[in-house]
Amino acid sequence: MKRIGVFVCHCGINIAGTLDINKIIHRISNYPGVAHAEHYEYMCSDPGQNIVRDTIKDQYLDGIVVAACSPTLHETTFRNAAKDADMNPYMVEIANIREYCSWVHRDRPEDATEKAIRIIRTAVEKVRRNESLYPVKIPVFHKCLVIGAGISGIQAALDVANAGFEVILVEKSPTIGGRMAQLSETFPTLDCSQCILTPKMVEVSRHPKIRLMAYSEVKEVTGSIGNFHVKILKKPTYVDTDKCNLCGECVNVCPIIIPSEFDRGMSMRKAIYMPFPQAVPSTYCLDEANCLGLNPLRCSKCQDVCEPGAINYDMKPEIIEEDVGAIIVATGYDLYHKEALTEYGLGIYEDVIDGLQFERLLSASGPTSGEIHRPSDGEVPKDVVFIQCAGSRDEKHNPYCSKVCCMYTAKHAMLYKHRVPDGQAYIFYIDIRSAGKDYEEFVQRAMEEDRILYLRGKVSKVFKEGEKLVVWGVDTLTGQKVEVLADLVVLATAIVPRAATPEIVNKLKIAADGNGFLKEAHPKLRPVESLTSGIFLAGAAQSPKDIPDAVSQGSGSASKAIGILSQKKLQHDPTITDVEEIACGGCGICISVCPYTALSMDDRRNVVLVNDVLCEGCGTCAAACPSGAAELRNYTNRQVREMICAALSKV
Amino acid sequence: MRIILKGSKVKSKLTEKVEKISGQNIFACYQCGKCSAGCPMIDSMDYMPNQAMKLLQMGAAEEIINSKTMWMCASCHTCSVRCPRDIDLSAVMEALRLIYLRTNVNKVEPSQIPEEELKDLPQIALVCNFRKMTR
């Protein structure tokens, strides 16, 4: 019979304040198989761990139970302590007598003590039939996939590549750069966004370790940490990059004129276009959806005029397959759809625009070369109203704070004042959230030096009266209703996840939170990891964030990915499913319930096979198996039965 | 009460004048309300000191000039000492009073004061009278 040791932790008064520790020790030391029972004030402390270590050796223990807090907290601590004493770490079980017992039964100490004894006994029963297990070793592909080439994805790709690993950087649109490329100047330093971004874009395109795949989409992802297999769709641009000499003749002759996505409709583009002059990769892209037709009989103006013969209407979409060890998801954000903000006239009046549209107006490379002209008549607006929290912090729209609007609105108003010194800027706000290095000073500067009128209150509606837009608001600080006769209204529209985020979530088998942003593994302690191991999150796809935060998270996820890529082999938890082939009837029920696609049918022998690498040990298959063939290691049906008996039998 | 704002109103002459006389930047106020929180005369005011500042920012001249606030201010300087933005609010209040008084016609005509009264009146009372009641 195994010699089992039980170690009961007081956790200060967290456990000992409610439970009668001496009674527990006395009763449990008489339980069959328990060779030693001991208690200590803080078992997780160094002296506590030493007790565990020394006792295992001195008492020749075969397995131990630590009765303490939740196994999510200190299971690893005690497994490592056991390992130091030459015990297999899987012979350690945690009996959770804090969260499951002392904390929730403070008012009934006697009953709680009885319950704690039963909890410990079930753990003893489990340890009695535990087997020594050894981690599953997994080979690693030393390559990383980064999805999305905004500033966060770019940073992640550069960091991984500079550490010496290959990177595949996939970007959906024809150019990299993301939202940051659209911005004019950045708070709080007012340096030009493109000027600080384009060097990084160029670095990405020239980096020998980075394979840039613009105008491409991730179609399918299978496998798991260390061994992802991805299929990437490379959409045809119909322009041969090698031949194209960027003369731009094709753009001049193209008869199609449509609103430019990059300028958010503030300018027009052709069907064959380059989003902006510093686009990377620097090439034209023929927009299939808007082209008259890729049939030379209909229109072949661009092909006719192209001297180097770079335009090829026969280009086909390609599927590229790659094996990677880690994936970084940096798919970015969208702005809240304008149909939702009609109360502010967005989408109704030409002169009500969103923050990104205003960025394009401010941008030196924008449609107005940085001069402020309103969309309707091109006049210079003299009264500009900025409305913060448009769709944010609102139960009818999005409950969360979009985080960056306070800062960029202050920047917008400030830049507007610099461009139109005799103009007046009004900002309607609920609170000003300027937490960040030099951010508060920036907002104060906007108020004090640029004399921007901050009005505390939400706008109820915007409507047109003659030439002017009437903004109905309030200043709650003076208790006055305020009406502004404005020439231009700029909304700090809420930041929402990209429309394709649910698709990404499904393809990668990661999770999204209630607002649709990618969910991190732990809100505080694991902010760059997804709930699926080997997949990391970066940038505004996880939550609204500004450039420094997006860059930090990009670097953070890169270092996490490097942690995987730099290993020769990965270790995987061995508490996974075993299928006993003799008992397996080949019904395949387990295959249909497995959430990790870890099970497959061996058609020749009509039994189910387990992929050790993919199995996460959830136990769903074991519960579903009608013949008891599928069993989780160290959670066998026999063990569970004995544990139930121990919990229910008389104390 | 409804305030209709446009650029010309916000950049009002009054606010400009207050800033010139007091030497304070009205737009430096971020409406924390610490001035009002410590003001010993607040119970007698119609607009709280911070509200007066906000109205000045909005260029709502009539509102503030016709209010009781500036007259109830005791010039105790508590607000000025406490202001986290370092605005001398007492100076702003004094500027408002000055502007009001300067806009009014003479309440006293120095040349019309009878000589006997001039002899009897203390010098300081006369000077105060001129300051407050004359242009």
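Chain letters run A, B, ... following the sequence lines, proteins first, then strands; residues in each count from 1.
For the options A:Glu448, A:Gln424, A:Lys382, A:Arg445, heavy-atom pairs under 4.5 Å to chain B are most numerous at A:Glu448. The candidate from B:Arg85, B:Lys11, B:Gln31 with the greatest count of non-hydrogen atom pairs under 4.5 Å with chain A is B:Arg85.
Side-chain rings of A:Tyr416 and A:His412 stay apart, their centers remaining 6.0 Å or farther from each other.
Only the side chain of A:Asp475 comes within less than 4.5 Å of a heavy atom in chain B; its backbone stays farther off. Proximity to chain B is absent for every atom of A:Ile432, based on heavy atoms less than 4.5 angstrom apart. With a threshold of 4.5 angstrom between heavy atoms, B:Met48 does not approach chain A through any atom at all.
Annotation: ring pair (Phe, Tyr, Trp, His ring centres under 6.0 Å) contacts of A:Tyr400 (sequence neighbours excluded): A:Phe517. Residues meeting the disulfide (SG to SG under 2.5 Å) test with A:Cys195, sequence neighbours left out: A:Cys192.
Using modelled atom types, one finds no donor on one side chain facing an acceptor on the other under 3.5 Å when comparing A:Thr478 with B:Gln51.
A cation-pi arrangement is present between A:Arg179 and A:Tyr333, with the terminal nitrogen or guanidinium carbon under 6.0 Å from the aromatic centre and inside a 45° cone about the axis.
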